[in-house]
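Here is the structure we will look at.
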Amino acid sequence: MEKKPFIPGPRPRNNNSQQRRGPMAPKDQYAINERIRAREVRLVGDNVETGVYSIQEAMRIADEQGLDLIEISPNAAPPVCKILDYQKFLYQQKKHQKEQKAKATKVVVKEIRFGPQTDDHDYNFKLKHAIGFLQEGAKVKAYVFFRGRSILFKEQGEVLLLRFANDLEEYGKVEQMPVLEGKRMIIMLSPKKK
């Protein structure tokens, strides 16, 4: 088979008129003006009389006001549209999403690691940390890590985790009982609601 010589030059382009993008881009999220495909739409908003209009009539009203016709609910019958400045509408949407994100509670999970033969001093030190984490509102994921032959002591690990959960009873509740996952035995605790 003969090799073709490399000739530098422009790369061949796809014949697709629109380049593919990642998840839905914000500008493509809403149909506006001529992109609205419905025959009639329901207009809502401050500066317009609410009702069902033909697409031509809705476009005429938007043009008179010098604003855009934006399809905000395409799955409704007929689709719901608003007359607004499109850039201002996108800005308000972004602002609203930011507020929602800020209001969402963030769950913090703190991990505490034990060995199967953890001594009392070490255990009490980790217990004190767990109490602090639960009082701050974080979840606690405690686990016993079995290294090498120490897997033979899995009953000891389970007893240790159950004792840990029992000692934290007034600060948090057990979300998941001790479960062996590979070389780890894990228990999950979540803070009690005040």
Side-chain angles (χ1 to χ4, degrees), residues 1-111 132-141 143 171-177 179 181 186-194:
M1 192 168 133
E2 222 177 287
K3 279 191 174 180
K4 292 182 181 177
F6 174 74
I7 302 168
R11 284 182 149 167
R13 295 187 66 188
N14 287 346
N15 291 340
N16 299 348
S17 60
Q18 187 177 6
Q19 290 291 325
R20 296 195 182 245
R21 295 184 205 159
M24 192 175 284
K27 292 201 174 192
D28 301 332
Q29 194 172 2
Y30 300 96
I32 60 166
N33 301 330
E34 291 82 24
R35 292 192 192 136
I36 300 171
R37 296 282 169 233
R39 289 191 183 137
E40 56 181 23
V41 294
R42 181 178 305 278
L43 277 182
V44 295
D46 306 329
N47 48 1
V48 72
E49 191 176 318
T50 303
V52 177
Y53 295 89
S54 70
I55 189 70
Q56 293 82 10
E57 181 70 14
M59 289 290 294
R60 187 187 59 73
I61 294 169
D63 284 340
E64 284 175 1
Q65 295 180 15
L67 298 170
D68 298 306
L69 183 67
I70 305 166
E71 188 178 45
I72 55 173
S73 182
N75 298 334
V80 179
C81 292
K82 245 184 182 178
I83 294 178
L84 286 168
D85 178 31
Y86 188 55
Q87 295 304 317
K88 185 178 179 183
F89 175 73
L90 285 178
Y91 171 75
Q92 288 171 343
Q93 291 296 104
K94 268 187 185 172
K95 191 174 173 184
H96 180 70
Q97 286 172 349
K98 238 181 195 176
E99 287 171 6
Q100 293 296 338
K101 200 174 181 181
K103 286 179 186 174
T105 56
K106 292 172 180 75
V107 178
V108 179
V109 179
K110 299 284 190 174
E111 288 191 0
F133 295 149
L134 289 169
Q135 286 175 338
E136 289 170 10
K139 288 186 176 185
V140 174
K141 177 181 180 179
Y143 64 92
Y171 303 101
K173 60 181 186 288
V174 176
E175 203 172 88
Q176 175 191 326
M177 291 304 281
V179 177
E181 292 178 5
I186 301 168
I187 192 168
M188 284 291 288
L189 299 149
S190 56
K192 280 191 174 172
K193 303 262 190 293
K194 289 171 186 167

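Remember, it's a predicted structure, so these values are computed and weren't measured experimentally.
The local environment of NZ in Lys173 is crowded, with over 12 non-hydrogen atoms from other residues, nucleotides or ligands closer than 6.0 Å.
Glu40 pairs by the salt bridge (charged side-chain N to carboxylate O under 4.0 Å, His left out) definition with nothing, not counting sequence neighbours. With sequence neighbours excluded, the residues that form a side-chain contact (heavy atoms from CB on, under 4.5 Å) with Lys95 are Tyr91, Glu99. The side-chain hydrogen bond (donor to acceptor under 3.5 Å, both in side chains) check on Gln93 picks up Tyr30, with sequence neighbours excluded. Judged as a side-chain hydrogen bond (donor to acceptor under 3.5 Å, both in side chains), and not counting sequence neighbours, the contacts of Gln65 are Asn47. Asp85 meets the side-chain hydrogen bond (donor to acceptor under 3.5 Å, both in side chains) test with no other residue; sequence neighbours excluded. By the side-chain contact (heavy atoms from CB on, under 4.5 Å) test, Lys82 is found to be paired with Val44, Ile72, Leu84, residues two or more places apart in sequence or in another chain being considered. Taking Lys139 as the reference, Glu175 meet the side-chain hydrogen bond (donor to acceptor under 3.5 Å, both in side chains) condition, with sequence neighbours excluded.
For Glu71 against Pro79, the heavy-atom pair with the smallest separation is OE2-CB, 3.4 Å. Shown here for Pro191 and Ala138, the closest heavy-atom pair between the two residues is CD-O, 3.5 Å.
Note that CD of Glu111 and NZ of Lys141 are 4.5 Å apart. Values are rounded to the nearest 0.5 Å. One finds the CD atom of Gln176 at 10.0 Å from the CG atom of Leu189 (value rounded to the nearest 0.5 Å).
Between Ile70 and Ile32 the shortest side-chain heavy-atom distance falls below 4.5 Å. By the 4.5 Å heavy-atom criterion applied to side chains, Lys98 and Lys94 are not counted as neighbours.
Partner Tyr86 forms a side chain to side chain contact (heavy atoms under 4.5 Å, CB included) with one of Asp68, Leu67, Leu69 and no other, that one being Asp68.
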Contacts table for residues 51-62: side-chain donor-acceptor under 3.5 angstrom, sequence neighbours left out:
residue : atom : partner : partner atom : Å
Tyr53   : OH   : Glu49   : O            : 2.8
Ser54   : OG   : Glu57   : N            : 3.2
Glu57   : OE1  : Arg60   : NE           : 3.4
Glu57   : OE2  : Arg60   : NH2          : 2.4
Arg60   : NH1  : Glu64   : OE1          : 3.4
Arg60   : NH1  : Glu64   : OE2          : 2.2

